[in-house]
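Chain naming here is simple, since letters A, B, ... match the order of the sequence lines and numbering starts at 1 in each.
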Amino acid sequence: MELEQTLAKYFGYATFRPGQKEVIEAILSGKDVIALLPTGMGKSLCYQLPAYLLQKPVLIVSPLLSLMQDQVEQLKRFGEKRVVALNSFLTVEEKRYALHFLEQYRFIFTSPEMLLQQQVQEKLANMTLSLIVVDEAHCISQWGFDFRPDYLRIGDWFSQGNRPPVLALSATATEKVVKDIHATLSLHAPFEFMYNVDRPNIHLGRVLFEDRGDKAKWIVEHVKKTAGPGILYLSSRKRAEQYCELFMQAGLRAAAYHAGYSAEDRQFIQQQFIDGELDWIVATNAFGMGINKGDIRQVIHETMPANVANYMQEIGRAGRDGKPALAILLYSDGDEELAKFVVTGDLPSSSHVDRYQELALQRIAPSQMLKNGELSETAFRVLDYWLHQEPEERVKARLHHFALEKYQAVDEMLKIIKTKDCLREQLVGYFGQKLQKKPENCCENCGIHYDEINTVRMKEEKKVEMMAWESRLKQLLISD
DNA sequence: CGTCAGATCGGTATCGATCTGACGGTGCAATACT
């Protein structure tokens, strides 16, 4: 049967979207694949269709619990019952049940941490999978080395024994990120599909400030005269809350979002934003992954992101509906210092390495350091991981190298911010691609007619408002 | 490394200058508490 027929039979589509067919064909022929497809371009179909053809369970490694839940719900709505999210939401009994019948499921979603648990490993060793999917695979590079080391450990698991083909999926990945994915997962001559990273409908603005303090005034004035929905990114939780306060005082429907809130609160805020009940999310970089909202019109960065990959990921949340959207990056001299501190501040130091070894020699559990509050939980886990991988001196060198790499990544972002050339060309070039064509309102350096964009938006907004008003009247009339 | 809020200081007003210390992102799983 032709793939198109299978597509029609199971999903009801007549044709594939760009990249899907190539990726699926490579998987079916047993190849590893790295596929970079923009969100909303049918990434999940790339593993869902093979799951129906290959008749063995597909394992999907996912970075966030909320992401797993969304995908499970989506599949269930679609009528698929043989789907499970193996994670800490399950009770002990539910987990035991799920593990016992694991081979019965068609789709198994799980986290790297859960995947590496002994009971899960033992179960998987005794069953055959048709495909392993690493969703949001850039997390390997972004988080594996100094935040969630289990993202590196899944690589060890991949390299032992027979395994099915691996599909690594992501929306955007720089050349370095692709290299990290390839190496960490020990992929064998993977088929690489890279969709064009340029998003021509996103206008790339950049505003320079002499004085950092002028940003708040500028942002509030800007958002008052332009339309949302939008995301304002900040580099600390506290600032996110302060700006949210400013937005609300200005009469905007806004909410703050960062990792300090409970999962329930975050879920609630996210849902309100998706449903159009909020115009602005004022957030740290905790916000965004897995957000499926087509009509985000603006993404503003109050301070620079720590690297180009993050920037691309964050602005990429705007304008998924293809209509014009605006990304504005604010910069004042010295902003890079905070960015550099934040991304390296939590790395373990050489003295932490020494202390760890000293405790180990005295046969004291090194976790004592944690109890004494000598370092953070994250830093301890990272330290513990690397000291089990390689000798002390190598670990020290590596930690030093991480910091240098992170500084360098900030400087690369800074270079793009400060360029006098086309921002779009620079960005796309950073991803190893060449810009095909410059769109209208390309970027700050090519020229953006802010007024034109804003006027169009204000008109659109008025129209929407009127419709809302009319429909509300209608509702009132009907209910009376 | 830089910012910012609150404390302290100076010299004797009712506040401005200076000092000090706290703070600064991302998530999983599982446990110990209310």
| message | When the C1' atoms of B:dG27 and B:dG6 are compared, how many Å lie between them, rounded to an integer? | response | 34 Å
| query | When the distance from CE of A:M289 to C1' of B:dT26 is rounded to whole Å, what number comes out? | reply | 8 Å
| message | Tell me whether the NZ or CZ atom of A:K293 lies within the 45° cone about the ring axis of A:F273 and under 6.0 Å from its centre. | response | yes
| message | Partner lookup for B:dG21, please. Criteria are Watson-Crick or G-U wobble with both distances under 3.5 angstrom; report none if nothing qualifies. | response | B:dC4
| note | A:L67 atom CG is separated from B:dC28 atom P, nearest whole Å, by 10 Å
| said: Could you tell me how far apart A:E314 (CD) and B:dG25 (P) are, to the nearest whole angstrom? | reply: 14 Å
| query | How far apart are the closest heavy atoms of A:Q433 and A:Y195, and which atoms are they? | reply | NE2-O, 3.2 Å
| query | A:A85 and A:M68: which non-hydrogen atoms are nearest, and at how many Å? | reply | CB-CB, 4.3 Å
| query | Is a salt bridge present between A:D335 and A:K340, judged by a nitrogen-to-oxygen distance below 4.0 Å? | reply | no
| request: Grab the two heavy atoms, one from A:S170 and one from A:A137, that are nearest each other, plus how far apart they are. | output: CB-N, 4.1 Å
| Nearest to the side chain of A:Q117 - B:dG25, B:dG27, B:dA29? | B:dA29
| When rounded to the nearest Å, what value does the distance between C1' atoms of B:dT14 and B:dC9 take? | 15 Å
| request: Go through A:K176 and A:E405 one step at a time and tell me if the side-chain contact (heavy atoms from CB on, under 4.5 Å) criterion holds. | output: CA-CA 11 Å; A:K176 180 190 178 295; A:E405 266 186 340; 3.8 Å; yes
| Sugar-phosphate, base or nothing in reach of A:T378, heavy atoms under 4.0 Å | base
| remark: Between CD of A:Q142 and C1' of B:dG25 the distance, given in whole Å, is 10 Å
| Using a cut-off of 4.0 Å on non-hydrogen atoms, how would the nucleic acid contact of A:P112 be classed: base, sugar-phosphate, or nothing? | nothing
| remark: Of B:dC28, B:dG24, B:dT26, the nucleotide closest to the side chain of A:R237 is B:dT26
| Is the shortest side-chain N/O distance from A:R212 to OP1 or OP2 of B:dT3 below 4.0 Å? | yes
| OP1 or OP2 of B:dG27 under 4.0 Å from side-chain N/O of A:S111 | no
| task | Please state the P separation for the pair B:dG25 and B:dA5 - nearest whole angstrom. | result | 16 Å
| field | Sugar-phosphate, base or nothing in reach of A:N87, heavy atoms under 4.0 Å | value | sugar-phosphate
| request: Measure from CZ on A:F89 to C1' on B:dA29 and round the result to the nearest Å. | output: 11 Å
| request: Return the orientation label for the A:F145 and A:W386 ring planes: parallel under 30°, perpendicular over 60°, tilted otherwise. | output: parallel
| Does B:dC33 pair with anything, Watson-Crick or G-U wobble, both distances under 3.5 Å, and if so, with which nucleotide? | none
| note | Of A:T344 and A:S66, the one whose closest nucleotide on DNA chain B sits nearer the 5' end is A:T344
| request: Please answer whether B:dT26 and A:W143 are stacked, defined here as ring centres separated by less than 5.5 Å and planes angled under 30°. | output: no
| Just checking A:K95: base, sugar-phosphate only, or nothing, at a heavy-atom cut-off of under 4.0 Å? | sugar-phosphate
| query | Does the side chain of A:R381 get closer than 4.0 angstrom to OP1 or OP2 of B:dG27 through an N or O atom? | reply | no
| request: State whether the distance check finds a donor on one side and an acceptor on the other, under 3.5 Å, for side chain A:R266 versus base B:dG27. | output: no
| said: If you only use heavy atoms from C-beta on, which nucleotide in B:dG2, B:dG25, B:dG27 is closest to the side chain of A:N285? | reply: B:dG25
| task | Give the rounded distance in Å between these two atoms: CG of A:L90 and C1' of B:dA30. | result | 14 Å
| request: Rounded off to whole Å, could you give me the CD-to-C1' distance for the A:E302 and B:dT3 pair? | output: 12 Å
| field | Nearest-Å distance once atom C1' is located in both B:dT12 and B:dA17 | value | 16 Å
| message | If you assign each of A:L86 and A:D333 to its closest nucleotide in DNA chain B, which residue comes earlier from the 5' end? | response | A:D333
| message | Let's test this: given Watson-Crick or G-U wobble pairing with both distances under 3.5 Å, identify the partner of B:dG10. | response | B:dC15
| remark: A:L338 has its side chain closest, among B:dA29, B:dG24, B:dT26, to B:dG24
| Which listed nucleotide (B:dG25, B:dA30, B:dC1) is nearest to the side chain of A:S236? | B:dG25
| Roughly, in whole Å, what's the span from CG in A:L370 to C1' in B:dT31? | 14 Å
| task | Using the C1' atom as the reference point in each nucleotide, state the distance between B:dG21 and B:dT26 in Å, no decimals. | result | 26 Å
| Between B:dT26, B:dA29, B:dC28, which nucleotide has the shortest distance from any of its atoms to the side chain of A:L64? | B:dC28
| request: Measure from the side-chain heavy atoms of A:R239 and tell me the nearest of B:dA30, B:dG27, B:dC4. | output: B:dC4
| request: Assess the side chains of A:Y257 and A:R237: does a donor N or O sit below 3.5 Å from an acceptor N or O? | output: no
